[in-house]
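Below: one structure, written as structure tokens.
In the text below, chain A, chain B and the rest are named by the order of the sequence lines, each starting its count at 1.
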2 protein chains.
Amino acid sequence: MMIELRHLRTLVALRDTGSLVDAAERLFLTQSALSHQLKDLEDRLECTLFVRKTRPPRFTSTGRRLLKLADEMIPMVRTAERDIVRLAGGEAGRLHICIECHSCFQWLIPAIDRYRSHWSEVELDLTAGFNFEPLPALVRGDLDLVITSDPVDVPGIRYVPLFRYEAMLAVSRDHEWAGKPYIEPLELIHETLITYPVDRNRLDVFTRFLDPADVDPAAVRTAELTPMMVQLVASGRGVACLPNWALTEYLEKQTIVVLKLGATGIWGTLFAAIREDQYDSPFMEDFIQTSIETCFNNLSDIKTVDAVGGKSL
Amino acid sequence: MMIELRHLRTLVALRDTGSLVDAAERLFLTQSALSHQLKDLEDRLECTLFVRKTRPPRFTSTGRRLLKLADEMIPMVRTAERDIVRLAGGEAGRLHICIECHSCFQWLIPAIDRYRSHWSEVELDLTAGFNFEPLPALVRGDLDLVITSDPVDVPGIRYVPLFRYEAMLAVSRDHEWAGKPYIEPLELIHETLITYPVDRNRLDVFTRFLDPADVDPAAVRTAELTPMMVQLVASGRGVACLPNWALTEYLEKQTIVVLKLGATGIWGTLFAAIREDQYDSPFMEDFIQTSIETCFNNLSDIKTVDAVGGKSL
DNA sequence: CCAACTCCATGAATAAAATTCATACATTAG
DNA sequence: CTAATGTATGAATTTTATTCATGGAGTTGG
């Protein structure tokens, strides 16, 4: 019958994304490839795996049986791979992590938890780089990994892309814009913009949306933490630009609504900045891999990045 | 990293057979294919999986880790495949089995045990066809499957090959022939040959060894059960021709030794004879597959058969 | 009801991979 | 040392997987 792991990974991606198109993107394949692949598998098993007419696709009992198999096996493979990587390289290392983006706690904490259980010998530390420049600290060796959406070319520093996300404008559900698909820069001219307390040239909403249109909002106020910003937005004290994945939980509670920035939206990429020399160390490689996996498990509507001057997945 | 099940199956075959050559045969591939495949895997994992210089090959810790993974995963896949087959076809059926070869109990009992746990709705029965002709009973429908090494072309009957084995001559360890690699037909002229109590034209030792050379042994006596035959051989009462796999346990006890029949040896194939109309039924398909697996797990020195007018594995 | 979308299927072309073939190399037993 | 057996390897080949280009089917919003 010759089921291969490839087939199982495809089925899982299909379930997780809900469409062949999105599953294909996540697997770095085309929609056509997946269609053929699943058709071949169905032909060989002599049965259908899922109903294509519905959205999301409905899996048949056979499809569900294979998904069950996949859910058992893929983590086993992952664990084995990790073990092999550990057998190859040293087990110990230091991983001092710094985040620039407050929202990142949301996925970083689970990622670190998962990582720690496999790499007990790695010395982990996590700091927030709001009051200092983390990049020089990374170069010096005070830090080992910086999470940033704002790569600056520095010799010896490598940016490994984690995922792409869309920057969204959060507004109160009572706001006059609620229901609009997107807003233009000029419309912000009478609004209060709530941001993280960092330099404005490190905020996408300025560098990629307002500044190109030469627009300034009526006022800018800052808040340290995402829940606080959402609270302010919900109570009509202003609007805030945040990554889509940081907002999904509030969207579900319907305290806020979101709009695209411009008709096509503003997309960013989150990177792990590391030193060249640690690029190949097993414990680093696995941390990044674990982070990416955790992100795709926990965050909605994020996209893969092929590889931007980094190694592919 | 993209480990695939293919790689795991190869590693298992390598461990089970002890050489790339034999593993390749079992997987219906060439030795070269396996060599390339394992090399690629090692390249991608950036480590070696086993030491080739020793025989049998010694697996590295990485290789052992992957074997562990394989031993966990392959049975899971097998179970899932079985479940899928069951989901597709009906769950019930009748399987009245008949054996012509006494030794077959050795693998058939475990095979039936394994099978029964997955197909509780199939009515199983096992009889020995020593005192009647099982083939007509199969055609009539009194039987559903006959284990035989002696396929006779009958319309409506299909022979699915299970494995190939070598017919060996068992002699006492004190016999003058002990240590010889093989014997020629003429040398049997002064020996007592112990056989199963069936017509001599259904015994390979006559049809394919003695008769072509127009030789008769000094005497022929019969015994019903393999242990009894071995007992007679061990005590010097004669020599017996039996399939190699039926003799391994006695070889280990060193009560007997074995010789090839002729310089090249006599090889036979064991078949499952079934009716054409049950050839595609899921419960039959799985019984045969389970039998083959059980044989390769339990019997030593048997070989695969590609497909003799039957479907491949 | 009709664009304009989005998603999926499909045949043909293409790329990638796995496998074989033909050998050479290595090891072991005699 | 030689024969026998097992493994490695480059090149050719075959097979498989994937992409490309396209059409059809179902949805959505004017």
Side-chain angles (χ1 to χ4, degrees), chain A residues 1-11 13-45 48-60 63 179-182 260 263-265 301 303 306 312, chain B residues 1-11 13-44 48-60 63 179-182 260 263-265 301 303-304 306 312:
Chain A
M1 234 175 246
M2 295 298 98
I3 294 171
E4 283 293 350
L5 285 169
R6 176 164 34 91
H7 302 121
L8 301 181
R9 298 192 235 261
T10 297
L11 282 170
L14 178 59
R15 177 190 54 191
D16 289 354
T17 61
S19 88
L20 282 189
V21 174
D22 294 341
E25 184 187 320
R26 183 166 301 192
L27 297 170
F28 302 110
L29 293 172
T30 61
Q31 169 268 322
S32 178
L34 261 51
S35 181
H36 282 297
Q37 189 183 96
L38 289 167
K39 186 176 183 304
D40 288 351
L41 185 60
E42 288 182 331
D43 287 350
R44 276 186 294 169
L45 296 177
T48 65
L49 297 174
F50 64 103
V51 184
R52 291 121 212 266
K53 304 291 170 185
T54 69
R55 183 163 336 286
R58 178 177 307 293
F59 290 91
T60 65
K180 283 187 68 166
Y182 63 93
K260 275 184 187 295
T264 56
D301 295 320
K303 303 275 190 181
D306 319 25
S312 74
Chain B
M1 235 176 246
M2 295 299 97
I3 294 172
E4 283 292 348
L5 285 169
R6 174 165 34 91
H7 302 122
L8 301 181
R9 297 191 236 262
T10 298
L11 281 171
L14 177 59
R15 177 189 56 190
D16 289 354
T17 62
S19 88
L20 283 188
V21 175
D22 294 340
E25 184 187 319
R26 182 165 303 191
L27 298 170
F28 302 110
L29 294 172
T30 61
Q31 171 269 322
S32 179
L34 261 50
S35 181
H36 282 297
Q37 189 183 97
L38 289 166
K39 185 174 183 305
D40 289 351
L41 185 59
E42 288 182 330
D43 287 350
R44 275 186 294 169
T48 65
L49 296 173
F50 64 102
V51 184
R52 281 102 158 132
K53 307 288 169 184
T54 68
R55 186 165 337 287
R58 177 177 308 291
F59 290 91
T60 64
K180 282 186 68 165
Y182 64 91
K260 275 186 187 294
T264 56
D301 294 320
K303 303 274 190 182
T304 52
D306 317 26
S312 76

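Taking the charged nitrogens against the carboxylate oxygens, A:Arg26 and A:Asp22 have no contact shorter than 4.0 Å, which rules out a salt bridge.
Residues B:Phe50 and B:Pro57 come closest through the heavy atom pair CD1-CB, 3.6 Å. Annotation for A:Gln31 and A:Ala24: closest pair N-CB, 3.5 Å, computed over non-hydrogen atoms. Here the closest heavy-atom approach between residue B:Leu38 and residue B:Leu11 is recorded as CD2-CD2, 3.8 Å.
Side-chain atoms of B:Leu14 and B:Leu49, non-hydrogen and from C-beta on, never get closer than 4.5 Å to each other. Residues B:Arg9 and A:Met2 have side chains in contact (heavy-atom distance under 4.5 Å, counting atoms from C-beta outward). Within the 4.5 Å cutoff, side-chain heavy atoms of B:Ser32 are placed close to those of B:His36.
Candidate nucleotides C:dC7, D:dT9, D:dG6 were compared by shortest atom distance to the side chain of B:Ser35, and D:dT9 ranks first.
Atom CG in A:Leu38 sits roughly 8 Å away from atom P in C:dA9 (whole-Å rounding). In this structure, B:Leu20 places its CG atom 15 Å from P of C:dT27, rounding to the nearest Å.
Mapped onto DNA chain C by nearest heavy atom, A:Arg55 and A:Lys39 fall at different nucleotides, with A:Arg55 at the one closer to the 5' end.
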Detail all sub-3.5 Å separations between protein N/O atoms and N/O atoms belonging to nucleotides 16-20 of chain C.
residue, atom, partner, partner atom, Å
C:dA18, OP2, B:Arg6, NH1, 3.4
C:dT19, OP2, B:Gln37, NE2, 3.0
C:dT20, OP2, B:Thr30, N, 2.6
C:dT20, OP2, B:Thr30, OG1, 2.6
C:dT20, O4, B:His36, NE2, 3.1

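The CG atom of B:Leu29 sits 7.0 Å away from the CD atom of B:Gln37 when rounded to the nearest 0.5 Å.
For C:dT27, one of the phosphate oxygens OP1 or OP2 lies less than 4.0 angstrom from a side-chain nitrogen or oxygen of B:Lys53. An OP1 or OP2 oxygen of C:dC7 is reached within less than 4.0 angstrom by no side-chain nitrogen or oxygen of A:Arg52.
In DNA chain D, consecutive stretches of 3 or more Watson-Crick or G-U wobble pairs with both distances under 3.5 Å are given as paired ranges: C:1-30 with D:1-30.
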